[in-house]
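Only this structure's heavy atoms are used, side chains among them; waters, hydrogens and symmetry mates stay out.
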Amino acid sequence: MLPPPDRIYREPETVFVAGFIGSMNFIRATVRGGVSQHAAFALSVPVSDGEVVLAVRQEALSLVAAEGMGAGIVHRSIDFGTHKIVEVDLDDGTRVRAMTSSNSAWAKGALVEPGAAAFRAFRDNRLVQESGAIGARQKNRVFGHA
């Protein structure tokens with residue numbers, strides 16, 4: 001029996017499923033000493049050192065105004081009435097999308113620091129770690145021989 005759609009959305013087991021179901025930000029990062037070494041995302045990823053793909057849903061990506069140098073620059077903000085999608089260009093050329101409230105006022109060119117309230121880390125297309133809460137579930141688990 002297949003898991004329900006909301007569980008597949010919240011808990012994708014592969015990079016393919018994560019990108020196929022809903023909108024997902026994919027950030028390539030290197031883990032050293034249990035921390036991702038991406039300029040915009042220094043996240044606790046308790047797996048062995050090496051490359052990972054961090055997968056972050058739009059609703060789990062937060063933005064704060066950067067003080068001084070930011071980790072990203074607002075490319076544009078798209079108003080959907082009930083919420084906005086803010087596109088941010090990171091220093092490495094990656095464009096990420098954050099879902100914000102409808103009254104947020106992120107202007108094009110603003111320097112921001114993104115944060116991830118919840119993410120999944122993949123290595124060789126296998127889930128190796130999940131952290132945070134997407135939807136109603138709270139977790140921080142490591143899988144297999146990461």
Side-chain angles (χ1 to χ4, degrees), residues 1-78 80 82-102 104 106 109-146:
M1 180 171 193
L2 289 174
D6 65 319
R7 183 168 175 209
I8 294 170
Y9 177 84
R10 285 191 325 267
E11 302 173 13
E13 294 296 323
T14 67
V15 172
F16 174 78
V17 172
F20 186 75
I21 305 294
S23 182
M24 184 73 82
N25 295 298
F26 294 107
I27 301 104
R28 295 194 177 283
T30 300
V31 173
R32 285 197 192 98
V35 176
S36 64
Q37 302 297 305
H38 191 280
F41 294 95
L43 301 169
S44 174
V45 186
V47 299
S48 61
D49 290 358
E51 301 296 314
V52 296
V53 174
L54 302 173
V56 183
R57 293 271 182 216
Q58 295 176 128
E59 61 269 28
L61 188 69
S62 60
L63 302 174
V64 296
E67 297 182 18
M69 296 295 289
I73 299 172
V74 173
H75 172 73
R76 69 179 172 166
S77 179
I78 306 164
F80 286 91
T82 58
H83 64 280
K84 290 182 181 176
I85 299 296
V86 180
E87 295 181 345
V88 175
D89 292 330
L90 303 179
D91 289 343
D92 67 357
T94 302
R95 180 169 289 163
V96 295
R97 291 169 182 83
M99 184 182 294
T100 65
S101 69
S102 60
S104 67
W106 294 107
L111 296 176
V112 296
E113 293 179 14
F119 67 92
R120 295 173 78 78
F122 295 91
R123 181 175 285 156
D124 299 324
N125 200 35
R126 284 187 13 236
L127 178 64
V128 293
Q129 201 257 342
E130 61 184 356
S131 178
I134 296 178
R137 299 185 59 168
Q138 182 75 27
K139 59 182 73 188
N140 188 357
R141 299 187 302 170
V142 177
F143 297 85
H145 302 298

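- Taken from CG in N25 to OG1 in T94, the straight-line distance is 9.5 Å, to the nearest 0.5 Å.
- With L43 as the partner, the side chain to side chain contact (heavy atoms under 4.5 Å, CB included) test is satisfied by one option alone out of V31, V35, L54: L54.
- In this structure, the side chain of N125 does not engage the main chain of T14 through any donor-acceptor pair within 3.5 Å.
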Item to check | Candidate pair V96 and V56, rule side-chain contact (heavy atoms from CB on, under 4.5 Å), full reasoning | outcome: CA-CA 9 Å; V96 295; V56 183; over 6 Å; no
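- The shortest heavy-atom contact between S44 and F119 is O-CZ, 3.4 Å.
- A 4.5 Å side-chain heavy-atom check between T82 and S102 finds every atom pair outside the cut-off.
- Below 30°, between 30° and 60°, or above 60°: for F80 and H83 the angle between ring planes is below 30°, a parallel geometry.
- By the 6.0 Å contact criterion, CZ on F20 is open, its count of non-hydrogen atoms from other residues, nucleotides or ligands being 12 or less.
- The CZ atom of R76 sits 4.0 Å away from the CD atom of E87 when rounded to the nearest 0.5 Å.
- We find the CZ-CG distance between R95 and L90 to be 10.0 Å, quoted to the nearest 0.5 Å.
- Two residues are said to be in side-chain contact when any heavy atoms from C-beta on lie closer than 4.5 Å; R57 and P12 meet this criterion.
- To the nearest 0.5 Å, atom CD of residue Q37 and atom OG1 of residue T30 are 7.5 Å apart.
- Atoms CG and CG, from L111 and L63 in turn, are 12.0 Å apart once rounded to the nearest 0.5 Å.
- For A60 against A118, the heavy-atom pair with the smallest separation is CB-O, 3.7 Å.
- With salt bridges taken as basic N to acidic carboxylate O contacts below 4.0 Å, none links E11 and R120.
- Nearest heavy atoms, V45 versus A121: CG1-CB, 4.0 Å.
- Residue D49 comes nearest to R32 through the heavy atom pair OD1-CA, 3.3 Å, listed as atom of the first residue, atom of the second, then distance.
- Annotation for L61 and P114: closest pair CD1-CB, 4.1 Å, computed over non-hydrogen atoms.
- Separating the CZ atom in R123 from the CD atom in Q129 is a distance of 11.0 Å, to the nearest 0.5 Å.
- Residues M99 and K84 fail the side-chain proximity criterion, which asks for heavy atoms closer than 4.5 Å.
- Counting all heavy atoms, side chain and backbone alike, V86 lies closest to S77 at CG2-OG, 3.9 Å.
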